[in-house]
Amino acid sequence: MIRIKKTLAALLSLCIIGSLLTLTGCDADENTSVSEKYTSTKNSSDQESEEADEDSESEDEDEEDTSDEEDSDDGNKEEAEEESDKKEDKKTTSAADNKQIVFSLKNGNSWPEGNTTIYQLDGTVTNKQKDTISDWKVTLTVSKDIDVKNSWGLTYDIKGTTLTIKPDNNTGNILPNGSINFGIQIASPEDIIAANAVFTAENTSVQNNSAGSNNNNNNNNNNNNNNNNNNGSSSNGDRPSSPNAKEVPEPSTDDWLYVEKNKIVDSNGREVWLTGCNWFGYNTGTNIFDGLWNADLNTSVNAIADHGFNLIRVPISTELVNQWEDGSYPQANFNQATNSYLVGMNSLEIFNYVIDQCRANGLKIMIDFHCATTNASGHNYPMWCDDKISEKDYIRALEWIASTYKNDDTIIAVDLENEPHGKPNESPRAKWDDSNDSDNWKHIAEKAGKAVLDKNPNLLVMVEGIECYPVDTKKNGNFKSQDKADYYFNWWGGNLRGVADNPVDLGRYNNKLVYSPHDYGPTVYEQPWFEGGYTFDSLMNDCWRDNWFYIYEQKKAPLLIGEWGGFMKEPNLTWMTYCRQLIKENKLHHTFWCFNANSGDTGGLVLDDFTTWDKEKYEFVKEVLWQDNSGKFIGLDHKIPLGENGISLSDYY
């Protein structure tokens with residue numbers, strides 16, 4: 001009996017250690033990577049092992065004393081063993097509970113604002129204990145000159161160089177097996193390192209080592225990842241419903257659009273006008289629209305439709321699309337209290353949920369491949385591929401989007417690449433000529449466009465320009481010169497002079513080709529054509545016509561200005577007024593930059609809470625939204641009206 005008891009004690013010790021490893025390892029891995037797991041006590045499993053060894057040694061010492069009585073005391077010993085088992089179970093539970101506070105704080109998006117940088121910090125606390133966490137705080141050393149611009153899920157206090165974060169009314173109690181998210185945006189002249197934060201809860205302090213950024217967050221959340229039907233739409237199952245969600249109609253294929261000279265028309269040949277806005281986040285590492293740290297997703301989608309925008313240009317990274325295709329779903333970062341109905345969905349399912357709600361609102365989507373690698377500053381890289389994303393990766397991402405949603409005309413267009421650019425003395429840089437070189441954007445656009453349209457021949461394909469183009473193509477048509485004097489310059493993606501010499505040729509798909517320049521005002525950068533004052537005519541002669549407007553004038557193809565916008569003040573307002581005039585007089589297609597409040601050099605259609613609309617800016621843009629004579633907004637869906645204040649295409653015609 002004694003040997004049996006010792007064996008049981010040893011096995012029990014192993015079970016205790018195994019249980020602890022399971023509780024602190026596998027459970028945490030469901031939502032965090034190894035580098036993100038932080039527990040509230042250290043070496044608890046070692047402590048339990050030592051206690052078990054002490055019990056075993058004590059039994060050895062008593063072996064001779066108890067051997068003579070082992071037969072007569074079997075019943076008492078069994079009771080003692082049961083009591084011992086209960087104590088061990090209690091100790092195991094207690095130790096496991098203490099180790100089950102998982103904390104992470106990461107650097108998320110960042111963007112410049114004046115002489116400072118806005119840093120976004122994204123935090124998560126997961127409670128694996130049996131008891132509710134009712135009191136927690138995070139402390140972080142910061143610069144004395146910081147300014148908190150926005151926050152959600154928290155309250156904060158700044159004393160000297162110490163920022164203290166505490167819960168708000170919604171995050172104060174973290175239930176067993178529950179988690180909360182919080183975030184803060186801080187303007188700071190110095191770097192803010194989230195990895196240096198210290199988390200404290202119930203007399204337990206944890207050093208946060210969550211180095212890195214959400215831009216590189218490859219955590220998989222595979223919950224419900226089998227709920228995709230054939231067209232990629234997500235099934236809500238038993239998830240919490242949103243009072244702002246609209247009933248989702250089935251996908252259709254009635255609304256594909258086509259090109260006729262410089263017009264875009266529907267399947268009946270009737271002219272349409274694409275008047276939309278940009279909403280970024282799927283490119284930055286948020287892996288969902290930015291602003292949902294405050295706002296409700298459905299409320300925001302509804303508001304865009306209700307305000308009369310009939311198209312959303314959705315910037316996305318090639319890396320994220322590749323990950324989705326490969327079955328990896330980087331975590332979507334959003335306020336889980338405000339958007340509780342999204343909890344349990346992975347980032348692809350949320351993307352599909354967005355598509356469903358856009359369809360329900362009569363909204364169409366243009367997917368914009370905004371950068372190769374997921375990063376809030378990824379658009380600064382001049383090319384469509386980098387050292388992480390190959391040309392093959394880029395093409396397969398385009399093909400996956402086209403193929404996955406080919407039976408759903410909610411997505412009606414793909415912008416092949418955002419702002420290819422680069423100066424003549426930079427490497428790499430995008431050029432435009434008749435070669436098959438890997439840095440020739442015209443050649444790559446043809447290859448990419450055909451790849452998209454081979455998968456779904458119904459999509460519109462947007463081709464942007466580059467940054468510089470040779471003054472003399474006979475002498476420098478191959479872009480060999482590195483002398484800036486040998487080139488015409490324009491905004492990134494805004495130089496389409498090459499179309500005159502070497503137009504994009506999509507072969508049988510040319511009726512799907514739209515050119516898409518970007519244009520901005522002097523607040524973004526003081527271009528030469530702004531110097532010394534400017535007029536509508538001077539902008540036309542010094543910039544617009546030769547760079548891209550000639551394409552429309554000569555009826556080579558339609559134009560969609562993919563980005564334009566800015567602050568409603570001088571020296572920007574005069575340019576915005578002239579740009580709006582150009583759009584209105586020629587009924588140019590456009591997507592205004594942007595919905596987001598966190599665009600540092602332009603501002604957004606909404607204010608910092610991502611819910612309150614900037615009335616002045618909206619009224620300005622409203623003049624170039626497609627409306628009928630009664631002021632009703634006109635959508636691009638033949639059956640579904642555009643929001644609460646619009647009509648369908650069939651209602652208009």
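Please read these numbers as outputs of a predicted model, since none were measured by experiment.
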Work out which heavy atom in Y282 is nearest to a heavy atom in P315; give both atom names and the distance. CB-O, 3.3 Å

Do the side chain of N310 and the main chain of T275 share a donor and acceptor less than 3.5 angstrom apart? yes

Passing candidate, side-chain contact (heavy atoms from CB on, under 4.5 Å) with W136, options I180, N127, T200: I180

Report yes or no: does T591 contribute a side-chain atom to a donor-acceptor pair with the main-chain N or O of G562 at less than 3.5 Å? yes

Compute whether any side-chain donor of one residue and acceptor of the other, for S242 and N298, lie under 3.5 angstrom apart. yes

Going by an N to O cut-off under 4.0 Å, is there a salt bridge joining R313 and D368? yes

Between D637 and I640 (side chain of the first, backbone of the second, donor and acceptor by atom type, cut-off under 3.5 Å), is there such a pair? yes

Any donor-acceptor pair under 3.5 Å from Y381 side chain to A372 backbone: no

Would D393 and K388 pass as an ion pair if we require N to O under 4.0 Å? no

Tightest non-hydrogen contact, residues D290 and G281, listed as OD1-CA, 3.4 Å

Nearest 0.5 Å, please: how far is CG in L460 from CD1 in I411? 13.0 Å

Measure from the ring center of W293 to the ring center of F182 and say whether it is less than 6.0 Å. no

Do N287 and Y329 pass the side chain to side chain donor-acceptor pair (under 3.5 Å) test, and can you show the C-alpha distance, the side-chain angles, and the key distance before you say yes or no? CA-CA 9 Å; N287 302 318; Y329 309 100; over 6 Å; no

Taking D608 first and then K149, would you say they form a salt bridge - that is, a charged N and a carboxylate O separated by under 4.0 Å? no

Could you check whether F610 and F289 have their ring centres less than 6.0 Å apart? no

Ring centres under 6.0 angstrom apart (F592, W279): no

Does N361 reach the main-chain N or O of A305 with its side chain, forming a donor-acceptor pair under 3.5 Å? no

Say whether, by atom type as modelled, one donor and one acceptor occur between the side chain of S317 and the main chain of L320 under 3.5 angstrom. yes

Any sub-3.5 Å donor-acceptor pair from D326's side-chain atoms to S328's backbone N or O? no

Considering non-hydrogen atoms only, spot the tightest contact between K246 and E644 and give its length. NZ-OE2, 3.0 Å

Does the gap between the ring centers of W626 and F309 come in under 6.0 Å? no

Going by atom types alone, do N294 and N335 pair a side-chain donor with an acceptor below 3.5 Å? no

Side-chain contact, heavy-atom cut-off 4.5 Å: L297 with F334? no

Between D409 and D254, is there a donor-acceptor pair closer than 3.5 Å when you use the side chain of the first and the backbone of the second? yes

Backbone N/O of G566 and side chain of K617: donor-acceptor pair under 3.5 Å: yes

Would you call the rings of H370 and W593 parallel, tilted or perpendicular if under 30° counts as parallel and over 60° as perpendicular? parallel

Would N302 and T299 satisfy side chain to side chain donor-acceptor pair (under 3.5 Å), going step by step from the backbone distance to the final call? CA-CA 5 Å; N302 296 347; T299 300; 5.6 Å; no

Are the side chain of N645 and the backbone N or O of D306 linked by a donor-acceptor pair below 3.5 Å? yes

Geometric class of the F103/F199 ring pair [parallel <30°, tilted 30-60°, perpendicular >60°]: parallel

